Amino acid sequence: MKLVTCGLPYANGKAHIGHLRTYVPADVYVRYLRMLGEDVVFVCGSDCHGTPIVVNAEQQGLTPKQLVDIYHEHFKKIFAELDIEFDYYGRTDAEYHHHRTKEIVKRLIEKGYVYPKDIDLAYCPKCERFLPDRYVEGICPYCGATARGDECDQGCGRHLEPGEIKEPKCKICGSKAEFRSQKHYFFKLTEFKDFLEDYLSKLRGTENALNYAKNWVKNLRDWCITRNLEWGVSFPGEENLVVYVWVDAPIGYISFTEKACENKGCDWKEIWIHGSCEIIHFIGLDIVYHHCIFWPAMLKGADYALPSAVVASGMVKVEGKTFSKSRGYVVWVEDDYLKAGLSPDYLRYYIVNYTSHQKDLNFSWEVFRDKVNNEIIATLGNFLYRVLLFAWKNFGEVKMDDVDGEILQKISEAKEKIENAIEEWEFKVTSDAFMELATFGNVYFQNAKPWELIKTDKEVAGRVVASCLQLAKALIIFAYPVMPRSMAKMAEAVGLDIKACKLEDAVKVDEVVSLKKPQVPFEKIEDEKLDELQEIMEKRFRGEEVGEVGDTKEEITIEDFQRLDIRIGKIVSAEKVKGSKKLIKLIIDIGDEHRQIVSGIAEDYKPEELEGKLVVVLANLKPAKFMGVESRGMILAAEKDGKAILLTLEKDVEPGTRVC
RNA sequence: GCCGAGGUAGCCUAGCUGGUUGGGGCGCCUGACUCAUAAUCAGGAGGUCGGGGGUUCGAAUCCCCCCCUCGGCACCA
């Protein structure tokens, strides 16, 4: 038996193509395994806890539960429509999940892997509560940028442990927070260093994940696993604390397995306690750390079975650009894809067939159109349809007693190729294998010319048709895991019970095949449709569509604005900061003084071309140091495609002139 | 700068434990065919395998140096 899981989608936003990059190949993998006769449990569920959900719910006037309900149902629906069929799709706010999480945390406590420690945490006196993670905003202790409680999201990107943030402010009421000492609990991750090093040397999976993890393990810190929240799994023995979301989320793999096993009538302990099954995690590259470091350490600490493989999918690009919701480089599964009336099979094939699972996948509507029209339709669809229609029209019932040995040989080869590729998580190779077989079919049909033979020698034509039918049957079986919906339809036309089929059935020859009138298997994507799809994208790139990610900032008063000392400065000198790639040290005449400002524009501007330029300067920004060089203020720039474009003046003015 | 992943014809890509003329696919050109969703089939043009050096009888493949792209971090105030 094998357990296959997918990283849990966070129930705080809609499904996009980045999600599918993990879920579709996992589903394809499971379907192939089952066709190879493997007994597979396949689980996933919504990740429902954590502060982003609580904060987001509060902002929308909902309870966390209400918000989670919306997105949980959304993901369930998306998976159903894309034929991603989990044995169980759960949610982490469910009772059974809380139960399993508490049990594991208790066990870690009992075994001495958890210790309490007093830490100073941001506390809002007005709201009378501690401010976990995203409830607090302040200054990053490492780089000085504005940061959230758990992550320096606008600056250096570091993960911040509770209590690290400087100058905290309450995100809810905006008042200044203070630090108060409170007892929290830490997991002794550092004790697992040797174990993890050994474990990672044996762990299977895609190289992209393993290489990262091996690098991380060198530098471990104990891990704060409690938070001041009401929403979440309450921490055993501490009513006011919940466990950190990254503790309970992966435990979902276990609790959902329990539910799946209940339904299937198997024993979850076989998988998670006795370790007699393979456990395979499909994840995105962004959560390698959690799956290769935290998770195995927790499992080991609590005496659970360990995952045998971590399969990480590569990143997704949209029209060649790095995936970004705020910049518009995103494809929403429901709004952009399903509502356009496109078959889920097209997208499944695209994701699987574009490139190797661990490489970057570029999504482009034009490539999508080409792959659908040229590969799915012209090669595979055309072969199936021309054979089935020809056979139905001319025979209706085909005796299969003389199938060409060469055909059977080709089918066996394709089958072997698929089996090997599945073993290595190379899903592109599997889909290439059946496409090549379809091409071979077209050549065979073309060379044998049954449409001529039928006029002269119906018996010989019958043999050609039998061989092609066998090939069609094999194709339907081989392509089914990737394109289940269309292949199920085709299977019906040849009287194949596809759900019960195994890969090896592709080489079994029936005595007779009786045919129904075949349907055209796929619908072509016309130019007008492509234009429509591209237009939506382009509008979004140009920023004409209002982002739904809430990227407009809150309203401020004129007084707020007047607190800013913005003025015109003239760049007196500019030089690159030694040893840096992006930083330029500028001396700027701002009227009453010459200011030193460090700016990260070295990749877009050369120092020579800056000297003498008039720029807009924010003069009363708190000083900060970069690479040891002090910067007092910042120069204003627009950002386009990640490049900085400096704001300059329409007419020359004196340095020091105010901006108002 | 460090770490990771890459750089193969206009575009995407296989090969990368060294060995006959570097495979595919898209697009392009020519022809054939008409059973099939103007689908299919045959043929063709198109390559300094990022650059340089080295090891070897032999290198896209191994070693060294350099360049470029992407992602992460150091530093984008």
Side-chain angles (χ1 to χ4, degrees), chain A residues 139-140 142-146 154-158 207-212 214-216 218 285-286 288-289 314-315 317 320-323 353-356 358-360 362 364 366-367 369-371 373-379 381-391 393-394 426 428-429 432 435-436 438-439 441-454 461 464-465 468 518 520-526 577-584 597-604 617-619 621-637 639 642 644:
Chain A
I139 306 295
C140 171
Y142 299 101
C143 73
T146 304
Q154 293 171 44
C156 62
R158 274 198 184 84
E207 271 179 51
N208 53 358
L210 305 181
N211 288 345
Y212 268 112
K214 283 172 189 162
N215 203 26
W216 295 120
K218 293 173 194 159
L285 217 43
D286 51 334
V288 166
Y289 192 83
M315 310 293 271
K317 292 182 172 203
K321 297 287 171 62
T322 301
F323 187 89
N353 188 262
Y354 183 85
T355 189
S356 153
Q358 43 176 327
K359 289 194 180 169
D360 286 357
N362 181 35
S364 142
E366 205 176 327
V367 179
R369 189 267 319 263
D370 289 346
K371 284 186 94 69
N373 289 354
N374 297 334
E375 298 172 30
I376 299 179
I377 296 176
T379 303
N382 180 54
F383 175 73
L384 293 175
Y385 188 59
R386 77 198 291 202
V387 168
L388 298 193
L389 188 69
F390 188 87
K393 252 198 235 165
N394 296 294
E426 285 294 354
K428 176 171 171 55
V429 177
D432 282 344
M435 274 301 164
E436 278 163 26
T439 297
N442 277 321
V443 174
Y444 189 90
F445 198 90
Q446 188 85 7
N447 290 341
K449 296 186 175 64
W451 60 91
E452 278 178 16
L453 288 173
I454 196 80
V464 171
V465 168
C468 288
V520 174
F522 303 104
E523 196 186 328
K524 238 180 121 158
I525 293 172
E526 305 295 344
V577 173
K578 281 197 297 280
S580 90
K581 199 161 81 180
K582 297 179 186 169
L583 299 182
I584 289 186
I597 290 176
V598 177
S599 184
I601 53 172
E603 285 176 330
D604 308 312
V617 177
L618 175 60
L621 184 69
K622 193 183 162 187
K625 271 192 178 180
F626 303 101
M627 297 286 284
V629 181
E630 186 173 54
S631 176
R632 296 173 56 232
M634 73 186 266
I635 57 173
L636 271 41
E639 194 202 307

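Chain A is the first sequence line, chain B the second, and so forth, proteins listed ahead of strands; every chain is numbered from 1. Keep in mind that this is a model prediction, so the values were computed, not measured.
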Mind running side-chain contact (heavy atoms from CB on, under 4.5 Å) on A/L583 and A/V629 for me, showing each step along the way? CA-CA 10 Å; A/L583 299 182; A/V629 181; over 6 Å; no

To the nearest 0.5 Å, tell me how far A/K317 NZ sits from A/Y354 OH. 9.0 Å

With the six-membered base ring of B/C35 as reference, does the ring of A/W451 sit under 5.5 Å away with planes under 30° apart? yes

Contact class for A/S599 (heavy atom, under 4.0 Å): base, sugar-phosphate, or nothing? sugar-phosphate

Please list, pair by pair, any protein nitrogen or oxygen found under 3.5 Å from a nitrogen or oxygen in nucleotides 66-68 of chain B.
none

Pick base, sugar-phosphate or nothing for A/V520, based on heavy-atom distances below 4.0 Å to the nucleic acid. base

Can you measure A/N353 atom CG to B/C12 atom P for me and round it to whole angstrom units? 16 Å

Could you check which nucleotide pairs with B/G1 in any of the strands shown, counting Watson-Crick or G-U wobble with both distances under 3.5 Å? B/C73

Using whole Å, what does the distance between atom C1' of nucleotide B/C35 and atom CZ of A/F445 come to? 5 Å

RNA chain B: 5'-proximal contact among A/P450 and A/N442 (nearest heavy atom): A/P450

NA contact type, A/K393, heavy-atom cut-off 4.0 Å: base, sugar-phosphate, or nothing? sugar-phosphate

Determine which nucleotide pairs with B/U21, using a 3.5 Å limit on both distances of a Watson-Crick or G-U wobble pair. none

Which nucleotide, if any, forms a Watson-Crick or G-U wobble pair with B/C26, using both distances under 3.5 Å? B/G10

Looking only at B/C35, B/A42, B/A14, the nucleotide nearest the A/R386 side chain is B/C35

In whole angstrom, give the distance that lies between atom CG of A/D360 and atom P of B/G71. 9 Å

What contact category does A/F383 fall into here, base, sugar-phosphate, or nothing, at under 4.0 angstrom with non-hydrogen atoms? nothing

Atom of A/F445, atom of A/C468 and distance for their closest heavy-atom approach: CD1-SG, 3.6 Å

Quick one, A/V465 and A/N394 - any side-chain contact, counting heavy atoms below 4.5 Å? no

Taking atom CD of A/E426 as the centre, does the number of heavy atoms from other residues, nucleotides or ligands within less than 6.0 Å exceed 12? yes

Looking only at atom P, what distance separates B/A5 and B/A9, rounded to whole Å? 22 Å

Tell me: CG of A/L583 to P of B/C75, nearest whole Å? 9 Å

How far, in whole Å, is B/C11 from B/G44 if one measures between their P atoms? 23 Å

Might you list the N or O atoms of the protein lying below 3.5 Å from N or O atoms in nucleotides 22-29 of chain B, with each pair's distance?
| from | atom 1 | to | atom 2 | distance (Å) |
| --- | --- | --- | --- | --- |
| B/C26 | O3' | A/N374 | ND2 | 3.0 |

Here the distance between atom C1' of B/U34 and atom CG of A/N447, to the nearest Å, is 15 Å

Point-to-point distance, once rounded to the nearest 0.5 Å, from NZ of A/K371 to OG1 of A/T379: 10.5 Å

Over how many whole Å does the gap from A/N382 atom CG to B/A39 atom P extend? 10 Å

Is there a side-chain contact between A/K449 and the phosphate of B/C41, meaning an N or O under 4.0 Å from OP1 or OP2? no

Does A/L389 reach a base, just sugar-phosphate, or nothing at all? Heavy atoms under 4.0 Å. sugar-phosphate

At under 4.0 Å between heavy atoms, what does A/G381 touch on the DNA or RNA strands: base, sugar-phosphate, or nothing? nothing

Atom CZ in A/R632, atom CD1 in A/I597: separation rounded to 0.5 Å? 9.0 Å

Once rounded to the nearest 0.5 Å, what's the spacing between atom CD1 of A/I635 and atom CG of A/L618? 11.5 Å

Taking the side chain as everything from C-beta on, heavy atoms only, tell me whether A/D360 gets closer than 4.5 Å to A/T355. no

Interatomic distance where CD1 belongs to A/I454 and P belongs to B/A36 [whole Å]: 13 Å

Quick one: pull up OG1 in A/T439 and CG in A/N382 and give me the separation to the nearest 0.5 Å. 10.5 Å

At under 4.0 Å between heavy atoms, what does A/V598 touch on the DNA or RNA strands: base, sugar-phosphate, or nothing? sugar-phosphate

Of B/U37, B/A42, B/C70, the nucleotide closest to the side chain of A/K317 is B/C70

Residue whose closest nucleotide on RNA chain B lies nearer the 5' end, A/Q446 versus A/L621: A/Q446

Do the side-chain N or O atoms of A/K582 get closer than 4.0 angstrom to the phosphate oxygens (OP1, OP2) of B/A74? no

Spacing of CZ belonging to A/R369 relative to NZ belonging to A/K524, to within rounding of 0.5 Å: 9.0 Å

Report the distance from atom CG of A/N362 to atom P of B/C12, rounded to the nearest whole Å. 9 Å

